[in-house]
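Please read the structure below before turning to the comments.
For the numbers below, each heavy atom of this structure counts, side chains included, while hydrogens, waters and symmetry mates do not. What you see is a predicted model; the values in this text were computed from it and never measured.
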Amino acid sequence: MVNGYLHYWTKKQIREHQAVVRGEIAPTLVIKNATYLNSYRKSWMSGNVWIYQDRIVYTGKAMPENMGGTDIFDATDKWAVPGYIEHHAHPFQLYHPLTLAKYASERGTTTLINDNMPFFFRLDKKKALTFLDDMQQTPATMLWWARYDSQTELKNGNDVFLYSHLKTWIDHPYVVQGGELTGWPRVLSGDDQMLHWMLETKNARKPIEGHLPGAGEKTLSQMVMMGVGADHESMSGEDILKRLDAGMRASLRYSSIRPDLPHILKELHEQHFCHYDHLMMTTDGAPPHFLIDGMMDRLISLAVNEGVPFIEAVNMVTLNVARHYHMEDVMGVIAPGRSANINVLSTKENALPSDVLAKGTWVRRDNKPCFPDTDIHWGNYGFSPLELSWELTRQDFHFSMPLGLEMINNVIMTPYQIQTDLTREELPPHSDENFMMLCDRNGGWVVATLIKGFANNIYGFASSFSSSGDIILIGKSKQGLLDAFEQLKKQKGGITLIDRDKVAASITLPLGGMMSHLTIDNGLADEEVKLKNALKERGYLFEDPIYSLLFFSATHLPYVRITQKGIFDVKKKKVLFPSIMR
């Protein structure tokens, strides 16, 4: 049996915690006169909460006899609830994990369970696991997934997903789930290697999260038998009920491209649904602009607005989550033995806290964020500014394939027959076709085609922000592609939109071309909104260009994708037109 996160206090620490209760050691902090949520009773209790360093050691009416050096926080007329948990975070949506942890914690979301994809792909095993350990040194609780598949076609996919590599991640104490299982059709169709990894995860007493949009009863039944215990892809009340009926936990999503939570709750309540113990909530990796209004605090408020009792809504992002991850003895409730993650609310049903404790450290006090500064040397993990040491030339413009990609919404693309003369220098103005290229970040290969429906008036656009970290180029003009590539090279990674005479919008991403140093609420969201507005002015029709960029290569979505291997038919699982070596 693997030692998981729930075993993270040593014998010596446990003896000290017991000594605090006996009065032999003073607590470091007492929250007195608190009205705190008893999550098991689903009721409010009055009393005092004793904390020693990062752990709750007592809740009840008593005050400590030994209070030498104890900090006292008077919570009279305030309400205390457990720190919120975001169980499905993608901590690389322009921001980096520490930026997200700081922003989330200061608003009461003190635990993040994070996608490991870019760290799994980009870092060697030693650096990746050192990174996990270093992230845990902050007040935020940073836990992780273990991915089984890349959700794109990688040229070196077999080298990335080695058994020894996967096993190390699954066994790590800060890794608390397998998935998300975007490659479920593979395992459903007989991929025993992936099934073996899933069984290893279950043997480690860690749950598996599905990624099952549109799944029917028989598919859900088979996934449950293979160990999948939860899914966040419900798009309706009926989808939620199907998952509950199959014995799964279901997560209600409120994200930039799937803001489904309110209408799902409305549909559930129309069917007189009132049992919330197996429901959770997630923002599903929302980009910076979407998080400005909050994280789990916002979702609690949305749920309450749709008729969910406040305590039930809090449990959906605390106790329910901790229970699913086999961690309710260490987090998710205000009770002895739990991590000192506590949100103090100024009013009974205002989910945005006035004061936040994360591992016993104040990260918000008197309504002022105060997450401590943490110095992370990103270069030590391989996240340095992107150096593009190769030249893109017109010899790379292999625009000859008859098949293009047509955008149906933010993230879905279908194939279409190209009728346009691809030898021309520029495509017709104000049509919705653009040249599109995916280029190896190391200059080894290119894929060149047309994209329809992205925008109608783009001179040049370049991005190193993509699911595989490779370079996306889009534009009406072949010279525009070259100019955008040169601008991307100049700024050492990120996203850039250029006109013939100027840079129209730009986001610099110095951490490997994928992540920014800017904080969400002090620069990054503003840059994202500026880019989005500039794209819309040039004909972008959808809601979220950041997700469009991220999912151009994502083979867990229909129908065709542009990948390292070439244009890929998702349903047939075959490369239609291969990438071309340079």
Side-chain angles (χ1 to χ4, degrees), residues 4-6 8-10 13 28-29 51-56 71 82-116 118-119 123 127-145 172-176 283 285 288 291 294-297 317-318 321-322 325 327 330-332 338-344 353 355-365 368-383 511 515-522 524:
Y5 183 68
L6 64 166
Y8 112 127
W9 286 288
T10 65
Q13 288 172 317
T28 52
L29 171 67
I51 293 162
Y52 184 74
Q53 297 176 346
D54 62 349
R55 197 178 195 188
I56 300 169
D71 183 22
Y84 310 140
I85 306 169
E86 166 57 278
H87 76 94
H88 191 97
H90 297 277
F92 45 79
Q93 304 293 54
L94 304 181
Y95 41 73
H96 61 66
L98 185 57
T99 300
L100 181 62
K102 177 181 185 298
Y103 183 82
S105 295
E106 290 175 341
R107 286 150 186 80
T109 303
T110 53
T111 299
L112 299 170
I113 302 177
N114 299 291
D115 188 356
N116 73 324
F119 314 105
L123 307 185
K127 285 183 178 178
L129 300 182
T130 299
F131 177 77
L132 266 59
D133 291 338
D134 290 349
M135 284 291 99
Q136 201 61 258
Q137 304 310 308
T138 74
T141 302
M142 298 292 279
L143 306 175
W144 301 87
W145 317 348
H172 196 281
Y174 297 152
V175 172
V176 297
T283 59
L291 298 181
M295 289 194 60
M296 297 300 103
D297 56 305
V317 296
T318 55
V321 183
Y325 287 96
M327 296 189 301
V330 75
M331 66 174 63
R338 276 60 173 194
S339 186
N341 299 332
I342 298 175
N343 293 332
V344 181
D355 306 87
V356 180
L357 271 178
K359 294 180 187 169
T361 297
W362 292 109
V363 297
R364 187 181 189 91
R365 191 75 185 264
K368 294 179 181 178
C370 55
F371 193 97
D373 292 334
T374 305
D375 191 15
I376 296 291
H377 299 287
W378 292 97
N380 293 344
Y381 309 108
F383 287 103
L511 301 183
M515 299 178 292
S516 174
H517 284 300
L518 293 177
T519 60
I520 290 170
D521 55 344
N522 191 21
L524 188 55

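- Residues Phe383 and Phe119 place their aromatic rings such that the two centres sit under 6.0 Å apart.
- Here the closest non-hydrogen pair linking Ala358 and Pro139 is CB-O, 3.4 Å.
- The minimum heavy-atom distance linking Thr99 with His517 is given by the pair OG1-O, 4.5 Å.
- Annotation: side chain of Trp362 is in contact with side chain of Asp355 (closest heavy-atom distance under 4.5 Å).
- Counting all heavy atoms, side chain and backbone alike, Ser339 lies closest to Trp9 at N-CH2, 3.8 Å.
- Formation of a donor-acceptor pair under 3.5 Å by the Gln93 side chain with backbone atoms of Pro288 is not found in this model.
- Counting only distance, with no hydrogens or angles, the side chain of Asp297 and the backbone of Met295 share a donor-acceptor pair below 3.5 Å.
- Expressed to the nearest 0.5 Å, how far OH of Tyr103 lies from CG of Leu291 amounts to 6.0 Å.
- Atom CE of Met296 is separated from atom OG1 of Thr111 by 11.5 Å, given to the nearest 0.5 angstrom.
- Between Tyr381 and Ile376 there is a side-chain heavy-atom pair separated by less than 4.5 Å.
- The closest donor-acceptor contact from the side chain of Gln137 to the backbone of Asp133 lies under 3.5 Å.
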Test log, rule side-chain contact (heavy atoms from CB on, under 4.5 Å), inputs Met135 and Phe131 = CA-CA 6 Å; Met135 284 291 99; Phe131 177 77; 3.7 Å; yes
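- Contact record, Tyr95 with Gly285: OH-C, 4.0 Å, taken as the closest heavy-atom pair.
- Checked by atom type and distance alone, the side chain of Arg364 pairs as donor or acceptor with a backbone atom of Pro353 at under 3.5 Å.
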With side-chain contact (heavy atoms from CB on, under 4.5 Å) as the test, would you mind laying out the steps for Ile342 and Ile56 before giving the verdict?
-> CA-CA 10 Å; Ile342 298 175; Ile56 300 169; 3.9 Å; yes
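- Between the side chain of Asn341 and the backbone N or O of Lys359 there is at least one donor-acceptor pair closer than 3.5 Å.
- The shortest distance between side-chain heavy atoms of Tyr325 and Leu143 does not fall below 4.5 Å.
- The main-chain N or O of Gln53 is found under 3.5 Å from a side-chain atom of Thr28 such that the two form a donor-acceptor pair.
- Annotation: salt bridge (charged side-chain N to carboxylate O under 4.0 Å, His left out) contacts involving residues 85-102, sequence neighbours excluded, comprise Lys102-Glu106.
- In this view, His88 and His90, Trp145, His232 satisfy the ring-ring contact (aromatic ring centres under 6.0 Å, His included) rule, not counting sequence neighbours.
- Shortest non-hydrogen contact noted between Met142 and Ala101 is SD-CB, 3.6 Å.
- Separating the CG atom in Leu357 from the CD1 atom in Ile51 is a distance of 5.0 Å, to the nearest 0.5 Å.
- To the nearest 0.5 Å, atom CH2 of residue Trp144 and atom CG of residue Leu129 are 11.5 Å apart.
- For the atom pair Thr283 OG1 and Leu100 CG, the distance stands at 7.5 Å (nearest 0.5 Å).
- The distance from atom OG1 of Thr110 to atom CD1 of Ile85, rounded to the nearest 0.5 Å, is 7.0 Å.
- Side-chain contact between Phe371 and Thr138 is present, with at least one heavy-atom pair separated by less than 4.5 Å.
- Closest non-hydrogen pair, Asn343 versus Gly83, comes out as ND2-CA, 3.6 Å.
- When the salt bridge (charged side-chain N to carboxylate O under 4.0 Å, His left out) test is applied to Arg107, the partners found at least two apart in sequence or on another chain are Asp521.
- Contact of the Val175 side chain with the Asn116 side chain is not registered, since no non-hydrogen atoms from C-beta on lie closer than 4.5 Å.
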